[in-house]
Peer 1: 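Next up is a structure, given as structure tokens.
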Amino acid sequence: MAKLNTPQMNMTEAATPELAFAQSSLGKKLIENLTKGSASYQSIADYLLRNQVRVTALGIEDLAQSCQVSTATISRFARDIGFANYAAMRNEVAETLQSVFQPVEKLRNTIERRSQETTPAITSLEYALANTDATKQNLSIDVLNQVVTKLAKARTVYVMGFGLSAHLAGMLALHLQPFCSHVVEVVGYGGTEVAAGHLASISDKDVLILISFPRYANDVIKLAHFARDHGTCIVSMTDSTASPLAALGDYLLLAPSTHPVLPSSSIAAIALIEALVSSLMVSNKKNVEKAMKLTEALSAYLHGFEATSKGGSRELLTQRRKKSALD
């Protein structure tokens, strides 16, 4: 698998403790083991990335039981990532948490103070703004452009999301269709069986975009492994580097999804989808012509496009462009 391409995170801008912890020195060591370590090491790294607060109160026996490994494996893991023993590693987890929670808690406290004077609806919008801002701050344009290049060259672009992420997959697939050779929404109205059928012929000539936010779906992880085994380029769109999707992709696009009430917020993910599609559209002059043809094809069904001929439709579109430029 190609080296994972991840955005460079600014810890003070991270919207969640998970994002900030994952970008710490300790977090990077854990992510490396999550990607390249043995099955036992992957289990330990995954647990530490997801349960940092809980780990600070766990003895080595408790952690071993939670990770379904031996205490000897826990001790060896701690030594291999640079600590004298498990206790030293646990202390580092606690110290790292203290440092990464400060900017995150500052953000949350600010929102909570505002929420005391407002409504749950406004608080929800505050979180949406914070998540979107974090997405903007942490987005790597270089990674985004690499993804755009892969999409433009792909034989088929597969887009997969289950559960709460299914509507995001549908939105992205619809946006990509005019500008990619072939786009398949893997899940659609079906379940795992339908998704598996769509991926049956996937190959190294294709791109698979995985979309999953809390709550994460196990099916997307299992099917991603199938695609990876067939050499497919994988783009993971998720909320954190601690997400189970992060280690599966060749490219990682992050959109924090913290929400005070819902399992996750989709606002930043939608903004990231629009950013990706916008970059794809302007990456090639031919895409402008494709957009024109799409508008002409739909003109008879769109309000305000009453022209009955192709020429008339183009003329009306030109007039509207001129008007927009003047405005």
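Computed from heavy atoms alone, side chains included, the values below leave out hydrogens, waters and symmetry copies.
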Peer 1: Nearest 0.5 Å, please: how far is CG in D239 from OG1 in T258?
Peer 2: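 Here the interatomic distance stands at 7.5 Å.
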
Peer 1: State, with a plain yes or no, whether a side-chain heavy atom of L276 is found less than 4.5 Å away from one of L151.
Peer 2: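 L276 reaches L151 side chain to side chain.
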
Peer 1: Looking only at atom types and distance, does a side-chain atom of Q42 sit under 3.5 Å from a main-chain N or O of G37, one as donor and one as acceptor?
Peer 2: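 Present.
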
Peer 1: Which heavy atom in F213 sits nearest to a heavy atom in M237, and how many Å separate them?
Peer 2: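 Heavy-atom minimum between the residues: CE1-O, 3.8 Å.
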
Peer 1: Would a distance-only check, ignoring hydrogens and angles, find a side-chain to backbone donor-acceptor pair under 3.5 Å from D206 to T156?
Peer 2: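 Yes.
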
Peer 1: CG of N85 to CD1 of I74: how many Å apart, nearest 0.5 Å?
Peer 2: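 If we round to the nearest 0.5 Å, N85:CG and I74:CD1 are 12.5 Å apart.
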
Peer 1: Side chain to side chain contact (heavy atoms under 4.5 Å, CB included) with I209: which of L176, I234, V186?
Peer 2: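 Considering L176, I234, V186, a side chain to side chain contact (heavy atoms under 4.5 Å, CB included) with I209 is found only for L176.
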
Peer 1: Tell me if a side-chain donor or acceptor on S278 pairs with a main-chain N or O of E274 at a distance below 3.5 Å.
Peer 2: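 Looks like yes, one N/O pair under 3.5 Å.
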
Peer 1: Just wondering, do T135 and P256 contact through their side chains at under 4.5 Å, heavy atoms?
Peer 2: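 Yes, close enough: below the 4.5 Å cut-off.
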
Peer 1: Without swapping roles, check the side chain of S264 against the backbone of S257 for a donor-acceptor pair under 3.5 Å.
Peer 2: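 Not confirmed, S264 side chain does not pair with S257 backbone.
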
Peer 1: State, yes or no, whether a side-chain contact exists between Y158 and T232 at a heavy-atom distance under 4.5 Å.
Peer 2: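 Of all side-chain heavy-atom pairs linking T232 with Y158, none is under 4.5 Å.
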
Peer 1: Please check if the number of heavy atoms outside Q177 that lie under 6.0 Å from its CD is greater than 12.
Peer 2: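 Atom CD in Q177 is packed in, count exceeds 12.
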
Peer 1: I'd like to check R90 versus L58 (side-chain heavy atoms, cut-off strictly below 4.5 Å). Are they in contact?
Peer 2: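 A side-chain contact is absent here, since even the closest heavy-atom pair is not under 4.5 Å.
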
Peer 1: When hydrophobic residues are tied together by side-chain contacts of less than 4.5 Å, even through go-betweens, does I267 share a cluster with L172?
Peer 2: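 No, because I267 and L172 fall into different hydrophobic clusters, even though each may have its own neighbours under 4.5 Å.
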
Peer 1: Quick one: do I221 and F226 end up in the same hydrophobic cluster if we chain Ile, Leu, Val, Met, Phe, Trp and Tyr together by side-chain heavy atoms under 4.5 Å apart?
Peer 2: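 Looking at the clustering, F226 is in the same group as I221.
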
Peer 1: Can any side-chain N or O of S38 pair as donor or acceptor with the backbone N or O of Y41 at less than 3.5 Å?
Peer 2: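 It does hold such a pair.
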
Peer 1: Are L272 and V183 co-members of a hydrophobic cluster defined by side-chain heavy atoms under 4.5 Å apart?
Peer 2: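 Yes, V183 and L272 fall within the same hydrophobic cluster.
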
Peer 1: Roughly how far, to the nearest 0.5 Å, is the CG atom of L248 from the OG atom of S236?
Peer 2: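 With rounding to 0.5 Å, OG (S236) is 6.0 Å from CG (L248).
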
Peer 1: Could you tell me whether K29 atom NZ has more than 12 heavy atoms of other residues or ligands within 6.0 Å of it?
Peer 2: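 Above 12, so yes.
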
Peer 1: Within a strict 4.5 Å, meaning less than it, do heavy atoms of the F77 and V69 side chains meet?
Peer 2: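 With C-beta onward as the side chain, the pair stays apart.
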
Peer 1: Drop me the distance from T96's OG1 to L26's CG, to the nearest 0.5 angstrom.
Peer 2: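 Interatomic distance, T96 OG1 to L26 CG, rounded to 0.5 Å: 5.0 Å.
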
Peer 1: Quick check: does any side chain N or O of N131 sit under 3.5 Å from a backbone N or O of Y127, one acting as donor and the other as acceptor?
Peer 2: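 Side chain of N131 to backbone of Y127: a pair is present.
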
Peer 1: For the pair N145 (side chain) and I141 (backbone), establish whether a donor and an acceptor sit closer than 3.5 Å, ignoring hydrogens and angles.
Peer 2: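 Flag set: sc N145 to bb I141 pair under 3.5 Å.
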
Peer 1: T238 side chain to S212 main-chain N or O, any donor-acceptor pair under 3.5 Å?
Peer 2: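 Indeed, once roles are kept as given, a pair shorter than 3.5 Å links the two residues.
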
Peer 1: What is the distance from atom NZ of K150 to atom NZ of K153, rounded to the nearest 0.5 Å?
Peer 2: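 It comes to 7.5 Å.
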
Peer 1: Before giving the answer on side chain to side chain contact (heavy atoms under 4.5 Å, CB included), spell out for M89 and L48 the whole-Å C-alpha distance, their side-chain angles and the decisive distance to 0.1 Å.
Peer 2: CA-CA 10 Å; M89 182 178 71; L48 292 175; 4.1 Å; yes

Peer 1: Are a donor atom and an acceptor atom from the side chains of R76 and S40 found within less than 3.5 Å of each other?
Peer 2: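 Per modelled atom types, R76 and S40 side chains form no pair under 3.5 Å.
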
Peer 1: Step through the shown structure and confirm whether more than 12 heavy atoms of other residues, nucleotides or ligands are within 6.0 Å of CZ on R155.
Peer 2: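 Yes, because the 6.0 Å sphere around CZ of R155 holds more than 12 heavy atoms from other groups.
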
Peer 1: Quick one: are S124 and H259 in side-chain contact, heavy atoms under 4.5 Å?
Peer 2: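 Yes; the side chains approach each other to less than 4.5 Å.
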
Peer 1: Examine distances only and state if a side-chain atom of S70 and a backbone atom of T73 form a donor-acceptor pair shorter than 3.5 Å.
Peer 2: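 Between the backbone of T73 and the side chain of S70 there is a qualifying donor-acceptor contact (under 3.5 Å).
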
Peer 1: Yes or no on side chain to side chain contact (heavy atoms under 4.5 Å, CB included) for I44 and N33, after CA distance, side-chain angles and deciding distance?
Peer 2: CA-CA 9 Å; I44 298 170; N33 276 278; over 6 Å; no

Peer 1: Hey, does H175 have a side-chain heavy atom less than 4.5 Å from the side chain of L280?
Peer 2: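 Side chain of L280 against side chain of H175, heavy atoms only: no contact under 4.5 Å found.
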
Peer 1: What distance separates Y86 OH from T71 OG1, expressed to the nearest 0.5 Å?
Peer 2: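 It comes to 11.5 Å.
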
Peer 1: Is there side-chain contact between N138 and L254, with at least one heavy-atom pair below 4.5 Å?
Peer 2: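 Answer no - side chains too far apart.
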
Peer 1: Search all heavy atoms of A166 against all heavy atoms of E185 and return the closest pair with its distance.
Peer 2: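 Shortest heavy-atom separation between A166 and E185 comes out as O-OE2, 4.1 Å.
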
Peer 1: Run the numbers on L253 and L144 for side chain to side chain contact (heavy atoms under 4.5 Å, CB included), then give the verdict.
Peer 2: CA-CA 8 Å; L253 299 175; L144 190 70; 4.2 Å; yes

Peer 1: Return yes if a side-chain donor-acceptor contact under 3.5 Å exists between N91 and E95, otherwise no.
Peer 2: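 No, because no side-chain N or O of N91 sits under 3.5 Å from a partner of the opposite role on E95.
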
Peer 1: For residues A246 and S240, report the shortest heavy-atom separation together with the two atoms involved.
Peer 2: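 Minimum heavy-atom separation between A246 and S240: CB-O, 3.9 Å.
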
Peer 1: Would you name the heavy atoms of G27 and L49 that are closest together and state the gap between them?
Peer 2: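 Nearest heavy atoms, G27 then L49: O-CD2, 4.2 Å.
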
Peer 1: Hey, any chance M171 and V148 share a hydrophobic cluster, counting ILVMFWY side chains that come within less than 4.5 Å of each other, even indirectly?
Peer 2: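 As far as the 4.5 Å side-chain criterion goes, V148 and M171 are connected within one cluster.
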
Peer 1: Determine whether S266 and H167 satisfy the following criterion, side chain to side chain contact (heavy atoms under 4.5 Å, CB included), listing intermediate values before the conclusion.
Peer 2: CA-CA 10 Å; S266 299; H167 70 286; 3.6 Å; yes

Peer 1: Write down the atom of C180, the atom of V157, and the distance for their closest heavy-atom approach.
Peer 2: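 Between these two residues, the closest heavy atoms are SG-CG2, 4.1 Å.
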
Peer 1: Between V93 and I31, is there a shared hydrophobic cluster once you connect ILVMFWY residues whose side-chain heavy atoms come closer than 4.5 Å?
Peer 2: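 The answer is yes; both residues are in one hydrophobic cluster.
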
Peer 1: List the atom of A224, the atom of L208, and the distance in Å for their closest heavy-atom pair.
Peer 2: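 Closest approach of A224 to L208, heavy atoms only: CA-CD2, 4.4 Å.
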
